[in-house]
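Following: one structure in structure tokens, then a few remarks.
Heavy-atom basis, side chains included; hydrogens, waters and symmetry copies ignored. Residue numbering restarts at 1 for every chain, and letters A, B, ... go by the order of the sequence lines.
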Amino acid sequence: MNGLFSEVFLSALLFGAVTAAVPLLLAGLGEQMSEKAGVLNIGIEGMMLAGAYLGFVGAFYSESLWLGFLTGAAGGAAVAALMALLCVRLGLNQIVIGIALTLGLEGLTALLHHFQFSRSYPRLPAADPTVIPLLADIPVIGPAFFRHHLLVYLAVLLVVVMSYLYRRTQLGLNLQAAGDKPAALDVAGIDVIRTRTIAVLTTGALAGLGGAYLANVGAGLFIPFITNGAGFLGIVLAMLARGRPVWVLFGALLFGACLSLTTAMQVAGINIPTDVIQMLPFLAVMIMLVLFGRQASLPAALGIPYERGAR
Amino acid sequence: MSIDGASTASATALDATSAAANRRDVLHRLLMTLGPIVVALVIAGCILLAVGVDPLAYYGYVLERGLLSMLGIQQTLTRMAPLLFLAAGLIVAFRAGMWNLGGDGQFLLGAVTSAASAPVLVEIMPVWLAWICAFVIATVVAAAWSLVPALLRAYHGVNEIVTTLMMTFLGTSLANVLVKLIFRDPGTTVPQTRTLPVEERLPRLFDTTVTSGLLLGIAAIVIVHLVMTRTAFGLKLRIVGANPRAAVHAGLSVPGLTIAVFAISAGLVGLAGAVDVVGVQGNVRADWNPAYGLAVIPAVFLARMNGFAAIGFVFLLSVLSIGGESAARRMGVPNHFTLVLIAIVLIVLAIAEYVDHRYNQSRKA
């Protein structure tokens, strides 16, 4: 048991927590924007998978991680464009289309991977970390938090950007109104459909980026169904965060820590089924909800397609 | 479903026109269902072509294995049994406006508890009683599992999409823990529950391999449909679904009804797991998760939460999944393609419904 609490182990654990948290953070921030604008984006799992697959393929052939992130984000946004067309423009049921997109992308990415790589799982070279000077030399905390890929810091920065966007900009207010009272936004002369489309596309790009990070940096390879529910976790995070980006960050870190703990326990050879540890974050959140469950502040028009003049 | 007014000999002129209208209606519905499926098959066929597989050969095989061969159709009908229970459970929840997205967790917990209890129960009581007991256990466990989301929604107004999703993650893990740690069969090295002997599973229908669970499933979904559309209780639930505030004004106890809806819905989903285990699987292996829930949810929507239409969609799903599984083994197209096909069918059906709706609106206007 001594090895469990050694410095190296602890910083590896925290490092793993951050790595696991980043895809959740990006997905959660994306989903939050959709939900703010009134679109419940259940297809986010499919968008992450599209991002993971295309991100991996992009990085694999171009041998550039950043190009991989770009293709990943584009892949997620492409799926989101389909969702925006069907659910925002045509107003089809968001849950039906979302689940269908998730199922379809699960199948499609696995299928393409099968025909492309057969049963081999090629790996990408390990990503170069960006070492932050001085801070990275702090024992335990340094290696855990300040030796990550550049994208990790950008993702954290995105939390600040999103907070600013929602609180201080016109677009942020428009998004909020599109989710709470779309008719009012329409009367104010702003296109609801366009506002919601922007939100859904951003969600797709962020989810795709999260997926690409998961495949390229987190795992270093693509395997079918690699996201394993991370998109759904993003939905959970976004709903729990009640519209505040910083809460998405905290939630993502909590879930990331539990995921990292699962891996660490296996490495340490502790004989508990991993399922027990996988239950921990959900258990924590459910207990929190039971104890502090108040009226969750979801946008009023969440899940309801907007149609001008309809009553 | 089949309305054939023309066959009545003493058809008056009025009857004849209404019969013609009816026939047009049925034809229209049939066209609106089959047309999109053909379109979806064409789109999915293009994907097959792109990866270098002959789509016609693939579809032929799926059709033969899922629908036309004796063995295939029997497997398809057997697959329908748990899916029908699932659909029945979801219809109750969706009609009452509650998004029970926790189907997979409830299904697995029902499956595991029935798999754990059935082999023990058959040793101490008549087989039929053991089945009933296993069904009751699965129903109660799954219903109890839904209590937390139900209470949170009923008394705290916490959105049930997020809570049921979390409970489904929890339930899947808990089911695995139960299999690995508590109900594990000491006789095997593979982590799985004790196996119910084949002769003590639900009987098969006549001389086929079709499980009698199919009849139970059809009965369940028809009963649910009738309760939801023809009884006062069903009307109450539909009012809660249509407008919860109006329901409060009408003097309905919304929290009580919410809890009832979740219990019935989750109970039926748990029963789906029990029927699958006691009828077909015989045991539950660790990490077994067929994830039926995710495919049935959109199907129930497309059936507009109508029980009879849902039977049709469940049949379609079963043909595709059984045919797809066989084709995966024979033609080297991974089973994942079935997911793509189902997704495209769902999306095209949804679009077709939209187009139809728009067309009707513009004709009225």
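When A295(B), P191(B), A291(B), P298(B) are compared by the number of non-hydrogen pairs under 4.5 Å with chain A, P298(B) comes out ahead. Put simply, of L346(B), V345(B), N176(B), the one with the most heavy-atom pairs under 4.5 Å next to chain A is N176(B).
Heavy-atom distances place both the backbone and the side chain of L108(A) under 4.5 Å from chain B. Both the backbone and the side chain of L103(A) come within less than 4.5 Å of a heavy atom of chain B. Contact of L105(A) with chain B is not made at all, since no heavy-atom distance falls under 4.5 Å. Contact of L181(B) with chain A is made through the side chain alone, with heavy-atom distances under 4.5 Å. For V148(B), the part lying under 4.5 angstrom from a heavy atom of chain A is the side chain only. For L101(B), the part lying under 4.5 angstrom from a heavy atom of chain A is the side chain only.
Using a 4.5 Å heavy-atom threshold, the side chains of V53(B) and F115(A) count as touching. In this structure, the side chains of L111(A) and I47(B) come closer than 4.5 Å at one or more pairs of heavy atoms. Under the 4.5 Å side-chain criterion, counting only non-hydrogen atoms from C-beta, E353(B) is not in contact with L92(A). Side-chain contact between F337(B) and H114(A) is absent, with no heavy atoms from C-beta onward closer than 4.5 Å.
Closest of all the heavy-atom pairs between I97(A) and A350(B) is CD1-CB, 4.0 Å. A100(A) and I347(B) get closest at one heavy-atom pair: CB-CG1, 3.7 Å.
In this structure, K181(A) places its NZ atom where only 12 or fewer heavy-atom neighbours from other residues, nucleotides or ligands lie under 6.0 Å away. Within a 6.0 Å radius of OH in Y59(B), more than 12 heavy atoms belonging to other residues, nucleotides or ligands are found. At most 12 non-hydrogen atoms from other residues, nucleotides or ligands lie less than 6.0 angstrom from CZ of R244(A). Around the CH2 atom of W288(B), the shell of radius 6.0 Å holds more than 12 heavy atoms that belong to other residues, nucleotides or ligands.
Between atom CZ of residue R358(B) and atom CG of residue L90(A) there is a gap of 8.5 Å, rounded to the nearest 0.5 Å. From T163(B), atom OG1 reaches atom CG of L240(A) across 10.0 Å, with rounding to the nearest 0.5 Å. To the nearest 0.5 Å, atoms CG (L283(A)) and CG (L170(B)) are separated by 5.5 Å. Expressed to the nearest 0.5 Å, how far CG of L86(A) lies from OH of Y354(B) amounts to 10.5 Å. Rounding to the nearest 0.5 angstrom, the gap separating the CE atom in M286(A) from the CE atom in M166(B) is 5.0 Å. Summarising the geometry, atom CH2 belonging to W99(B) is positioned 4.0 Å from atom CD1 belonging to I95(A); distances are rounded to the nearest 0.5 Å.
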Going through the checks in order, is the side-chain contact (heavy atoms from CB on, under 4.5 Å) test met by M239(A) and L165(B)?
-> CA-CA 11 Å; M239(A) 287 200 167; L165(B) 265 179; over 6 Å; no
